[in-house]
Amino acid sequence: MRLLTHLRHVDLAVPDYDKQLDFYAGVWGLTKVAEDSGISFLAAEGSPEQYVIRLRKAEEKRLDLVSYGAASAADVDTLAERLLAGGVQLITRPGTVATPGGGYGFRFFDVDGRTIEVSADVEVRRHRKIEEKEAIPVKLSHVVLNSPDLNRTREWYERHLGFALSDTLSSPHMGEVMHFMRISNQHHSMAIAQGPHTALHHVSFEMRGLDEYMRGSGRVMRAGVRKIWGPGRHMAGDNTFTYFLDPHGNTVEYTTELECLDEDTWHPHVYDFSQPEVTDQWGTANPMNELVAKESFNDPDRGVFVAPPV
């Protein structure tokens, strides 16, 4: 039984806090909704989530946590009990969440040592409809995580959190390189990329439509932010993409029109990503190659907890 409903937010620790805050609250188009000493919460104007990115000033760059929603406090309790029974190490037991919007939730380590949070009953933020030609993120779309053992991580998320496989990217000389995982009819809320170490691969933000996606991509490009890949349109998920590097080298993406699928009839595909039309159906993006791919390996995440796998 699947207990997760959606992706809530991604929390980043950053050494140059002011530069990162200027980027996300400036050219990237998020709204700073709360700030304490060395910590800030950034919302997407079209999203009911209290925030989609949290920034924390720290000496070392790291992924602090990835947060998912559950439908009820009872589901949070059920999941916590299920994880404990499965040998997963909890960081906190279910209780009051002390971040904007409150709620009821808990935290635990995934198989790669990342901190994951699940919460319910978080207060809905007053949000609004994004207007035509308004090129700012509507909501958080998905997160992609680098893992040194792609299939171990996939199996852990399937077994413990109820994720389902939507599609896989593979190639004749590299084998499987990415699994797209879902917790709803959205093609993926999370994907797992084969990487040399545990790290954040990228965070993706949904735009209103194709025009807003292109306008936003152009604004960020004109601002001199480093673009690593795009604009283009993937085959897996059928979504558009433009990837940039934030000031700390984390990859961030503008996307739109991510596929919604019929879960009852869906069968996962294995796409050969060495074929140009698989990585970009349009043919407008710069070619995918090893140099582009390595940009999103990111730095090894120093925040992960090393424990025996379960």
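Along the sequence shown, the residues carry numbers beginning at 1.
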Exercise. In sequence, state the C-alpha distance, the side-chain angles, and the governing distance for Asp112 and Arg152, and then conclude on salt bridge (charged side-chain N to carboxylate O under 4.0 Å, His left out).
Key: CA-CA 9 Å; Asp112 295 320; Arg152 182 183 74 155; 3.3 Å; yes
If you take all heavy atoms of [X] and [Y], which pair is closest and at what distance?
X: Leu140; Y: Ser204; value: CD1-O, 3.6 Å
X: Met178; Y: Val144; value: CE-CG1, 4.0 Å
X: Gly230; Y: Asn286; value: N-OD1, 3.1 Å
X: Ala73; Y: Asp121; value: CB-OD2, 3.8 Å
X: His127; Y: Val124; value: CE1-CG1, 4.2 Å
X: Gly29; Y: Ile136; value: O-CB, 3.7 Å

Connected via hydrophobic side-chain network under 4.5 Å: [X] and [Y]:
X: Met190; Y: Val52; answer: yes
X: Val33; Y: Leu21; answer: no
X: Leu145; Y: Val252; answer: yes

Taking atom types as modelled, is there a side-chain donor on [X] or [Y] under 3.5 Å from an acceptor on the other?
X: Asp301; Y: Thr198; answer: no
X: His6; Y: Gln186; answer: no
X: Asn146; Y: Asn298; answer: no
X: His142; Y: Ser189; answer: no
X: Ser171; Y: Asp272; answer: no
X: Ser166; Y: His187; answer: no
X: Ser40; Y: Tyr24; answer: no

Could you check if a side-chain atom of [X] sits within less than 4.5 angstrom of a side-chain atom of [Y], using non-hydrogen atoms only?
X: Phe109; Y: Val88; value: no
X: Arg82; Y: Leu3; value: yes
X: Leu90; Y: Arg107; value: no
X: Val177; Y: Ser170; value: no
X: Pro137; Y: Leu30; value: yes
X: Pro287; Y: Pro276; value: no
X: Gln281; Y: Asp238; value: yes
X: Leu245; Y: Asn250; value: no

About how many Å separate [atom2] of [Y] and [atom1] of [X], when rounded to the nearest 0.5 Å?
X: Thr168; Y: Ile192; atom1: OG1; atom2: CD1; result: 9.5 Å
X: Thr31; Y: Arg125; atom1: OG1; atom2: CZ; result: 6.0 Å
X: Met181; Y: Leu161; atom1: CE; atom2: CG; result: 9.5 Å
X: Ser67; Y: Asp11; atom1: OG; atom2: CG; result: 7.0 Å
X: Ile39; Y: Asp64; atom1: CD1; atom2: CG; result: 7.5 Å

Exercise. Take Phe108 and Phe106, measure what ring pair (Phe, Tyr, Trp, His ring centres under 6.0 Å) needs, and give me the verdict at the end.
Key: CA-CA 7 Å; Phe108 52 93; Phe106 72 109; 5.3 Å; yes
Quiz item: Parallel, tilted or perpendicular: which fits the ring planes of Tyr51 and Phe41, with parallel below 30° and perpendicular above 60°?
Solution: perpendicular
Practice problem: Check the angle between the aromatic planes of His269 and Trp266 and answer parallel, tilted or perpendicular using the 30° and 60° thresholds. | Solution: perpendicular
Quiz item: Is there a salt bridge (charged side-chain N to carboxylate O under 4.0 Å, His left out) between Arg154 and Glu176 once you walk through the steps?
Solution: CA-CA 12 Å; Arg154 169 197 158 183; Glu176 294 177 336; 5.3 Å; no
For [X], is the [atom1] atom crowded, meaning more than 12 foreign heavy atoms sit under 6.0 Å from it?
X: Met214; atom1: CE; result: no
X: Lys61; atom1: NZ; result: yes
X: Gln275; atom1: CD; result: yes

Quiz item: With Gln194, which residues qualify under side chain to side chain donor-acceptor pair (under 3.5 Å), at least two apart?
Solution: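 Expected list: none.
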Quiz item: By side chain to side chain donor-acceptor pair (under 3.5 Å), which residues pair with Tyr243, not counting sequence neighbours?
Solution: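 With neighbours one apart ignored, the set is His234, Glu253.
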Exercise. Check each of Trp282, Tyr254, Trp229, Phe205 against Phe241 using the ring-ring contact (aromatic ring centres under 6.0 Å, His included) test, and report the only one that passes.
Key: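 Among Trp282, Tyr254, Trp229, Phe205, the one that satisfies the ring-ring contact (aromatic ring centres under 6.0 Å, His included) with Phe241 is Trp229.
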Closer than 4.0 angstrom, basic N to acidic O: yes or no for [X] and [Y]?
X: Arg233; Y: Glu257; result: yes
X: Arg182; Y: Glu259; result: no
X: Lys227; Y: Glu295; result: no

Practice problem: Applying side chain to side chain contact (heavy atoms under 4.5 Å, CB included), run through Tyr104 and Thr96 and close with a yes or a no. | Solution: CA-CA 5 Å; Tyr104 182 79; Thr96 302; 5.6 Å; no
Quiz prompt | Candidate pair Leu42 and Trp28, rule side chain to side chain contact (heavy atoms under 4.5 Å, CB included), full reasoning | solution = CA-CA 11 Å; Leu42 297 133; Trp28 199 250; over 6 Å; no
Quiz item: Under 6.0 Å between ring centres, would you say that holds for Phe163 and Tyr68?
Solution: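 Yes, the ring of Phe163 comes within the 6.0 Å limit of the ring of Tyr68, centre to centre.
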Practice problem: Show your working on side chain to side chain donor-acceptor pair (under 3.5 Å) between His179 and Asp167 and close with a plain yes or no. | Solution: CA-CA 6 Å; His179 291 312; Asp167 285 317; over 6 Å; no
Quiz item: Pairs in or reaching into residues 196-214: which pass salt bridge (Lys or Arg N to Asp or Glu O under 4.0 Å), with residues at least two apart or in two chains?
Solution: Arg208-Glu212, Asp211-Arg215
Quiz item: Should Arg128 and Glu45 be marked as a salt bridge (charged side-chain N to carboxylate O under 4.0 Å, His left out) after you check the CA-CA gap, both sets of side-chain angles, and the distance that decides it?
Solution: CA-CA 6 Å; Arg128 62 181 179 83; Glu45 281 295 313; 3.1 Å; yes
Quiz prompt | Under 3.5 Å: donor-acceptor pair, side chain of Asp18, backbone of Asp22 | solution =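 Not at all, since once roles are kept as given, no pair shorter than 3.5 Å links the two residues.
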Exercise. Start with the C-alpha gap between Lys32 and Glu35, add the side-chain angles, then the distance that decides, and say whether salt bridge (charged side-chain N to carboxylate O under 4.0 Å, His left out) holds.
Key: CA-CA 8 Å; Lys32 186 176 77 173; Glu35 187 172 18; 2.6 Å; yes
Quiz prompt | Ile183 vs Thr5, side chain to side chain contact (heavy atoms under 4.5 Å, CB included): CA-CA, chis, key distance, verdict | solution = CA-CA 6 Å; Ile183 46 174; Thr5 54; over 6 Å; no
